[in-house]
Amino acid sequence: MAKDASTMEKIVALCKRRGFIFQSSEIYGGINGFWDYGPLGCELKRNIKDAWWNDMVLHPPIGPDGREVTMVGVDCSIIMNPKVWEASGHATGFADPMRKCPACGHFVRSDQLWEMLATSSKWMDSLIQEFTPVTGEYDTPRLLKWAKGKGQRLAPNLALVRNPEVTLAWLATRINGQPDAPPTLQEFTSYIATEQLHATGLQDPCPRCGGPLGEASPFKLMFETYTGVEQNADAKVFLRPETAQGIFANFRNVCDSTRVKVPFGVAQVGKAFRNEVTPRNYTFRSREFEQMEIEFFCHDRDSMKWWEFWRDVRINWYQALGLTGEKLRPRNQTDKELAHYSKACTDIEYLFPFSDEPQELEGVAHRGCFDLTQHQTHSGKDMSYFDDETKEKYVPTVIEPSAGADRATLAFICDAYTEDPARASPEFLKLHPRLAPIKAAVFPLVNKDGLPEIAEAIFRDVRKRWPAQYDAKQSIGKRYARMDEAGTPFCFTVDGQTKEDGTVTVRDRDTAEQVRIDKSRVVEFLREKL
RNA sequence: GCGGGUGUAGCUCAGUGGUAGAGCGUCACGUUGCCAACGUGAAUGUCGUGGGUUCAAGUCCCAUCACCCGCUCCA
């Protein structure tokens with residue numbers, strides 16, 4: 001299905017209108033890549049995190065070996081010893097050297113520069129046409145002509161275009177000085193990008209505009225800050241880019257304090273931070289986000305079995321909470337995509353209205369023993385596990401189901417969003433009852449004749465157990481519609497008949513159908529349904 | 001960071017250099033009594049922000065911030 005920007009806009013409008021999601025610091029003009037959850041949104045997201053914790057940690061399914069799965073939780077600090085990020089690979093892996101063109105602002109990865117110039121630079125492509133076809137040699141008049149013609153348009157900031165005579169003079173010096181070693185294409189390219197050879201040395205051109213690229217500097221995906229009084233290099237620390245490392249770093253502590261035996265899993269829910277180049281698509285790619293991660297430790301011999309287990313458990317979890325349609329699309333990563341240490345990974349993707357392609361909600365990765373081995377190497381601490389039964393000592397293999405809480409929240413909202421022009425409430429949220437921020441509403445049909453007293457009593461009873469709302473204002477239709485937009489699954493209405501036989505109506509959000517039940521059965525009804 | 005677009009009430013949006021607008025929503029009162037009903041009212045705006053031009057700026061100019069689309073990037 002193609003992307004549906006108008007649906008996405010309506011979802012964004014509803015989320016703001018009804019208090020699900022706000023832009024962070026909106027009154028100051030907002031801040032790129034950060035979002036707030038309002039009263040309904042925070043309940044929804046909390047319900048999602050609670051459901052995850054309940055279903056994965058407190059009550060996990062039976063394992064592939066037919067036994068109970070052992071799961072424990074941790075809640076680690078966001079700032080850790082910086083050595084953690086050296087061991088995890090984030091300090092280097094998350095900092096690709098980038099070169100910026102000061103002229104046009106284009107960013108290029110250093111290691112991709114020459115390949116880009118050779119294959120996907122429009123001006124370079126055009127310039128190469130000017131070379132003598134057979135020998136590959138160039139002649140100065142043709143280069144001059146190009147510089148004053150096509151070059152003006154294609155590569156306005158290239159030295160050859162801005163100052164052809166000087167640039168070509170440098171090149172001539174090079175050739176005359178070493179006649180037996182003609183410049184390579186790369187060297188030639190550097191020369192025509194250089195105006196002031198003695199001052200700057202050879203320059204590398206921007207693939208887009210030809211301007212001289214700046215020095216390579218790592219793009220830092222991790223946010224930096226400082227601990228303590230002095231803000232110097234020794235005090236520099238990072239906001240974690242994932243919650244997983246807190247689990248790995250505590251592997252020994254958990255083993256030593258909890259009497260767990262491999263196989264077992266450690267779970268964590270928490271904030272993580274990434275300085276994304278381009279935060280985009282509402283809350284999908286935010287710079288501050290929340291993860292729900294499991295690191296499941298097992299013997300390598302059983303690891304594929306456990307990987308399949310977690311893959312299926314996680315897919316089923318999304319489906320059980322309402323993502324039953326075809327928009328939920330698990331996708332196995334190709335061998336090319338897999339990290340070198342990984343044997344398998346399934347991305348659980350969802351087709352959001354803002355995109356043509358499904359986007360990742362969660363990755364279920366087989367990570368081998370990479371992480372624990374890395375920490376063993378860097379910390380010097382033994383990360384192996386001794387199995388008393390088999391007398392085996394080994395570094396466990398890790399299966400990592402890593403889910404985005406905000407992405408899941410957005411997916412559940414998008415999936416629940418339903419338009420039906422035939423209804424009085426043309427837009428509503430078909431949220432799963434477990435996730436709905438408000439579980440039930442209680443209305444008096446009219447705000448008089450003793451009905452409010454009866455309804456309030458029912459409301460108080462319901463509210464002891466679930467988030468609920470009481471509403472006596474305006475027409476009954478508006479009240480139903482408001483609850484539909486909030487995703488409230490059930491509304492109970494006290495009417496004239498209640499005074500006669502003690503029954504109230506229950507209205508179903510999705511069908512708008514009503515049945516009558518005795519008012520004493522309201523709590524029981526909800527307990528069955530929720 | 002670049003290019004294009006947008007920014008006016010809670011939401012969706014009109015607005016020709018000359019008094020700040022509509023629909024919906026919200027609130028109050030009345031009426032009605034099971035699906036955003038009807039009537040009468042009300043509140044809500046530094047027109048994204050900051051400069052400039054002008055007798056006069058929502059409107060023109062500059063800068064800046066945010067959002068959307070496309071690049072670039074993306075465990």
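Each chain gets a letter, A, B and so on, in the order the sequences are listed, and its residues count up from 1.
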Review point. Is the phosphate of rA36(B), meaning OP1 or OP2, less than 4.0 Å from a side-chain N or O of Ser475(A)?
Key: no

Point to revise | Between Gln333(A) and Asp347(A): side-chain donor-acceptor atoms closer than 3.5 Å | key: yes

**Study point:** Length of the line joining Arg479(A):CZ and rA36(B):P, which is rounded to integer Å
**Key:** 12 Å

Check your understanding: In residues 360-372 of chain A, which residues come under 4.0 Å of RNA chain B by heavy atom?
Key -> none

Review point. Expressed as a whole number of Å, how far does the C1' atom of rG17(B) sit from that of rC24(B)?
Key: 31 Å

Review point. Would you find a donor on one side and an acceptor on the other, under 3.5 Å apart, between the side chain of Lys519(A) and the backbone of Ile454(A)?
Key: no

Check your understanding: Quick one: does Asp406(A)'s side chain get under 4.5 Å of Tyr37(A)'s, heavy atoms only?
Key -> yes

**Study point:** d(CZ, Phe248(A); P, rA75(B)) in whole Å
**Key:** 17 Å

Check your understanding: Does atom CD of Glu453(A) have more than 12 heavy-atom neighbours, drawn from other residues, nucleotides or ligands, at distances under 6.0 Å?
Key -> yes

Practice item. Report the base-pairing partner of rC74(B) (Watson-Crick or G-U wobble, both distances below 3.5 angstrom), or none. Key: none

Practice item. With heavy atoms under 4.0 Å as the rule, sort Asn281(A) into base, sugar-phosphate or nothing. Key: sugar-phosphate

Review point. Distance only, no hydrogens: is a donor on one side chain within 3.5 Å (strictly under) of an acceptor on the other, for Thr397(A) and His366(A)?
Key: no

Practice item. Could you check how far CG of Asp420(A) sits from C1' of rA36(B), rounded to whole Å? Key: 14 Å

Revision key, fill the gap. The complete set of side chain to side chain donor-acceptor pair (under 3.5 Å) pairs with one or both residues in residues 482-493 of chain A, sequence neighbours excluded, reads Arg17(A)-Glu485(A), Arg18(A)-Glu485(A), Arg423(A)-Asp484(A), Ser425(A)-Asp484(A), Asp471(A)-Arg482(A), Gln474(A)-Arg482(A), Tyr480(A)-Thr493(A), Asp484(A)-Arg507(A)

Review point. What integer number of Å spans the P atoms of rU6(B) and rG48(B)?
Key: 13 Å

Review point. With respect to the phosphate group of rC73(B), does any side-chain polar atom (N or O) of Asn275(A) fall under 4.0 Å of OP1 or OP2?
Key: no

Exercise for review: May I have the distance from Phe284(A) (atom CZ) to rC67(B) (atom P), rounded to whole angstrom?
Suggested key: 16 Å

Check your understanding: Which of residues 439-463 of chain A have a heavy atom under 4.0 Å from RNA chain B?
Key -> Leu445(A), Val446(A), Lys448(A)

Point to revise | Between rC55(B) and rU64(B) - C1' atom distance, rounded Å | key: 29 Å

Review point. With rounding to whole Å, what would you report as the distance between rA20(B) and rU44(B) at their C1' atoms?
Key: 13 Å

Review point. Donor-acceptor pair, Thr377(A) side chain versus Thr373(A) backbone, under 3.5 Å?
Key: yes

Check your understanding: Under 4.0 angstrom, heavy atoms only, what part of the nucleic acid is Gly33(A) near: base, sugar-phosphate, or nothing?
Key -> sugar-phosphate

Exercise for review: Side chain of Ala512(A) only, please: which of rU26(B), rC35(B), rC69(B) is the nearest?
Suggested key: rC35(B)

Check your understanding: If we take the C1' atom in both rA9(B) and rA22(B), what is their distance in whole Å?
Key -> 11 Å

Exercise for review: Measure from CD on Glu357(A) to C1' on rC74(B) and round the result to the nearest Å.
Suggested key: 15 Å

Check your understanding: Is any N or O donor-acceptor pair between the side chain of Tyr282(A) and the base of rC67(B) shorter than 3.5 Å?
Key -> no

Check your understanding: Is the phosphate of rA28(B), meaning OP1 or OP2, less than 4.0 Å from a side-chain N or O of Lys473(A)?
Key -> yes

Practice item. Answer yes when Glu308(A) and Arg311(A) have at least one side-chain N-carboxylate O distance shorter than 4.0 Å, and no when they do not. Key: no

Review point. Does OP1 or OP2 of rC67(B) have a side-chain N or O of Asn32(A) closer than 4.0 Å?
Key: yes

**Study point:** Quiz item: Glu276(A) side-chain donor-acceptor pair to rC74(B) base, under 3.5 Å
**Key:** no

Check your understanding: Is a salt bridge present between Glu288(A) and Arg274(A), judged by a nitrogen-to-oxygen distance below 4.0 Å?
Key -> no

**Study point:** rA56(B): pairing nucleotide in any strand, Watson-Crick or G-U under 3.5 angstrom
**Key:** none

Point to revise | Between Gln245(A) and Ser88(A): side-chain donor-acceptor atoms closer than 3.5 Å | key: no

Review point. Given atom CD of Glu9(A) and atom C1' of rC69(B), what is their separation to the nearest angstrom?
Key: 11 Å

Review point. Going from CZ on Phe490(A) to CH2 on Trp466(A), what distance comes out if it is rounded to the nearest 0.5 angstrom?
Key: 10.5 Å

Study note, to complete from the structure: The Watson-Crick or G-U wobble partner of rC47(B), with both key distances under 3.5 Å, is none

Review point. Looking just at side-chain N and O atoms, do Tyr417(A) and Glu427(A) make a donor-acceptor pair shorter than 3.5 Å?
Key: yes

Review point. Under 4.5 Å between any side-chain heavy atoms of Lys327(A) and Phe352(A), yes or no?
Key: no

Review point. Which whole number of Å gives the distance between the C1' atom of rG45(B) and that of rC13(B)?
Key: 15 Å

Check your understanding: Salt bridge or not for Glu224(A) and Lys236(A), using N-O below 4.0 Å?
Key -> yes

Exercise for review: With P as the reference atom in both, quote the distance from rG5(B) to rA63(B) in angstrom, rounded to an integer.
Suggested key: 14 Å

Revision key, fill the gap. Applying the 3.5 Å cut-off to both distances, the Watson-Crick or G-U partner of rU6(B) turns out to be rA66(B)

Revision key, fill the gap. The nucleotide from rC74(B), rA75(B), rC67(B) with an atom nearest the side chain of Arg285(A) is rC74(B)

Review point. Hey, can you pull the residues of residues 485-494 of chain A with a non-hydrogen atom under 4.0 angstrom from RNA chain B?
Key: Glu485(A), Thr493(A)

Exercise for review: Would you indicate what Arg507(A) reaches in the nucleic acid, counting non-hydrogen atoms under 4.0 angstrom: base, sugar-phosphate, or nothing?
Suggested key: base

Check your understanding: In whole Å, what separates the P atom of rU46(B) from that of rU8(B)?
Key -> 11 Å

Exercise for review: State which residues pass side chain to side chain donor-acceptor pair (under 3.5 Å) with Asp518(A); sequence neighbours excluded, sorted by chain then number.
Suggested key: Ser520(A)

Exercise for review: Counting Watson-Crick and G-U wobble pairs only, both distances under 3.5 Å, name the nucleotide matched with rG30(B), or none.
Suggested key: rC38(B)

Point to revise | Between rA75(B) (P) and Phe238(A) (CZ): distance, integer Å | key: 19 Å

Check your understanding: Within this structure, what is the NZ-to-P distance between Lys10(A) and rC13(B), rounded to whole angstrom?
Key -> 11 Å

Check your understanding: Does the separation of the ring centres of Phe354(A) and Tyr282(A) fall below 6.0 angstrom?
Key -> no

Practice item. Treat primed atoms plus P, OP1 and OP2 as sugar-phosphate and everything else as base, then score nucleotides 3-11 of chain B 5' to 3': B for base contact with protein heavy atoms under 4.0 Å, S for sugar-phosphate contact only, - for none. Key: -------SS

Point to revise | Distance-only donor-acceptor check, side chains Asp371(A) and Tyr341(A), under 3.5 Å | key: no

**Study point:** OP1 or OP2 of rA28(B) under 4.0 Å from side-chain N/O of Gln474(A)
**Key:** no

Review point. Under a 3.5 Å cut-off for both distances, is rA20(B) Watson-Crick or wobble paired, and to whom?
Key: none

Exercise for review: Would you mind telling me which residue lines up with the more 5' stretch of RNA chain B, Ala339(A) or Pro426(A), judged by nearest nucleotide?
Suggested key: Pro426(A)

